[in-house]
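Worksheet for the structure shown next.
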Amino acid sequence: MPNPGAAGEPRQPLGTSNPQDLPRPQGDSPAGETSPSQEPGQEHSRAPEPPRRRDGRYVAMLVSGALTIVLGIAAAVLPVPYVVESPGPTFNTLGTDHNKPVISISGHPTYPAKGNLDLTTVYINGGPNGPVNIFEAFQAWLDGSKAVYPEELLYPKGVTKQQSEQESAVAMTTSQENAVASALQEENIPFGQKLEVAGLSDGSASAGKLQTGDVFTSINGKAITSLNVVQTALADGAGAPAVVVVDRNGKPVTVSITPGKGSNGKYILGVLLKYKFTFPFDVKISLDQVGGPSAGMMFALGIIDSITPGDLTGGKHVAGTGTITPDGTVGPIGGIAQKMRGARDGGATFFLAPAANCDEVVGHVPDGLQVVKVDTLADAKSAVERFGSGQDVSRLPTCSNN
């Protein structure tokens with residue numbers, strides 16, 4: 001905003017606009033000439049000037065400037081309901097974090113592995129992680145390496161930072177257990193798994209019949225070895241009551257449950273389930289300050305490379321992302337555009353992406369990074385083996401040739 005009185009601004013005349021009406025100051029007359037209104041030798045003084053009126057433009061400029069400053073401060077301080085995602089660091093599942101192996105295995109032979117199987121991360125600002133202001137959101141929107149989303153797309157309304165961190169930690173623990181299970185299944189190593197009731201949903205069809213901690217044994221006479229067995233039995237029953245046997249505190253309990261219908265139209269028991277595994281050897285994953293489920297596939301590949309002879313990567317630099325289920329299904333994740341950029345910045349040239357994320361992959365692949373889409377852990381392992389052994393990988397499935 002221009003300052004009042006700046007160069008170029010019209011200046012207002014002092015006093016009246018008619019100069020000849022003013023008495024001429026003494027000394028201004030030609031020599032020997034006197035003003036008709038003044039006697040010789042009479043002291044002369046300038047007539048008092050009328051008060052100067054304040055220019056309305058000056059006041060308006062002051063008010064406008066003050067409002068601009070106030071609004072600028074408010075914009076810089078007040079949070080906006082957006083979340084900003086930016087590329088985070090990568091971690092080699094075959095390497096160390098804070099001088100500790102990311103994956104430690106005891107009770108089973110292990111083999112040294114070279115190369116990188118990097119898991120990728122995303123920094124998230126906004127929501128329960130702390131507010132962002134409008135300038136930060138706008139700057140991120142202009143930055144091709146970042147993404148801006150409405151807060152409600154990523155977080156339930158009212159969720160606290162503590163709740164978000166707890167959920168993220170639980171998701172990471174579940175991801176690690178699923179990674180071990182999927183790796184052992186891929187290598188045909190037997191292990192035990194059971195489904196345990198973690199809670200009941202609102203209006204559950206199992207209310208009053210199942211309890212938290214119940215371990216599923218059978219449904220309609222079929223032994224429950226995976227979630228798929230339960231889903232298949234309910235689909236085949238088409239809404240008919242299901243006979244479910246659970247282990248409750250070491251004792252068998254039989255209940256009959258009439259399933260309800262979920263939002264997707266499938267029959268459900270209305271329970272939250274988690275896997276309870278019994279593994280033949282110990283796998284410990286140590287990774288500080290990282291949460292969520294999206295590292296599952298890369299953990300599984302790291303475990304496979306550690307318990308099998310040779311180098312899965314052939315010493316090359318691979319990165320990727322994706323959730324994993326015990327049966328080896330790779331699921332979608334968030335922030336894949338930022339994860340691909342983080343992987344390339346970390347030195348990777350080969351990237352494994354969940355097929356379900358392909359719509360977000362296209363158009364965001366950094367230069368120098370080949371992205372392969374995968375549906376299962378077997379797909380991911382096969383792709384890394386081909387890449388690591390120097391075979392032709394140009395025909396591997398990508399998100400641009402669905």
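Count residues from 1 along the sequence. Hydrogens, waters and symmetry mates are skipped; everything else that's a heavy atom, side chains included, is used.
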- request: Locate the shortest heavy-atom distance separating T321 from P354; write the atom from each residue and the value.
  value: O-CD, 3.2 Å
- request: For the pair T174 (side chain) and V170 (backbone), establish whether a donor and an acceptor sit closer than 3.5 Å, ignoring hydrogens and angles.
  value: yes
field: Minimum heavy-atom distance P128-S164, with the two atoms named
entry: CG-CB, 3.9 Å
query: With no hydrogens and no angle check, is any side-chain donor or acceptor of E136 less than 3.5 Å from a backbone partner on N133?
result: yes
With sequence neighbours excluded, residues passing ring pair (Phe, Tyr, Trp, His ring centres under 6.0 Å) with F387: F350
- prompt: Hey, are D327 and T325 close enough side-chain-wise for a donor-acceptor pair under 3.5 Å?
  reply: yes
Name every donor-acceptor pair, under 3.5 Å, that has one atom in a side chain of residues 266-280 and the other anywhere in the protein, sequence neighbours excluded.
from	atom 1	to	atom 2	distance (Å)
Y267	OH	A238	O	3.3
Y275	OH	L227	N	3.1

field: Main-chain N/O of V371 paired with T398 side-chain donor or acceptor, under 3.5 Å
entry: no
task: Supply the atom-to-atom distance E187 CD to I304 CD1, rounded to the nearest 0.5 angstrom.
output: 5.0 Å
task: Indicate yes or no for a side-chain donor-acceptor contact from S218 to the backbone of G221 under 3.5 Å, with no hydrogens or angles considered.
output: no
message: With heavy-atom distances below 4.5 Å as the criterion, would you say the side chains of Q176 and V180 are in contact?
response: no
- prompt: Considering residues, nucleotides and ligands other than Q139, do more than 12 of their heavy atoms fall under 6.0 Å from its CD?
  reply: no
- prompt: Any side-chain heavy atom of Y149 within less than 4.5 Å of one from I124?
  reply: no
Do any side-chain atoms of residues 332-345 form donor-acceptor pairs under 3.5 angstrom with protein atoms, and if so which ones, sequence neighbours left out?
from	atom 1	to	atom 2	distance (Å)
K339	NZ	S294	OG	2.9
K339	NZ	G334	O	3.4
R344	NE	D367	O	3.1
R344	NE	G368	O	3.4
R344	NH1	A348	O	3.2

field: With Q163 via side chain to side chain donor-acceptor pair (under 3.5 Å) - residues at least two apart
entry: T160
- prompt: Under the side-chain hydrogen bond (donor to acceptor under 3.5 Å, both in side chains) rule, what pairs show up with a residue in residues 244-253, not counting sequence neighbours?
  reply: D214-R248
Name the atoms and distances for all side-chain donor-acceptor pairs under 3.5 Å in residues 107-118, with sequence neighbours left out.
from	atom 1	to	atom 2	distance (Å)
N116	ND2	D118	OD1	3.0
D118	OD2	H317	NE2	2.6

- prompt: Could you give the distance from OG1 (T376) to CE (M297), rounded to the nearest 0.5 Å?
  reply: 10.0 Å
task: Quick one: closest heavy-atom pair of A378 and E186, and the distance?
output: CB-OE1, 3.7 Å
message: So L195 and V229, do their side chains get closer than 4.5 Å, heavy atoms only?
response: no
statement: Of all heavy-atom pairs linking S175 and F299, the shortest is OG-CD1, 4.4 Å
- prompt: Does a side-chain heavy-atom distance below 4.5 Å link V197 with V246?
  reply: no
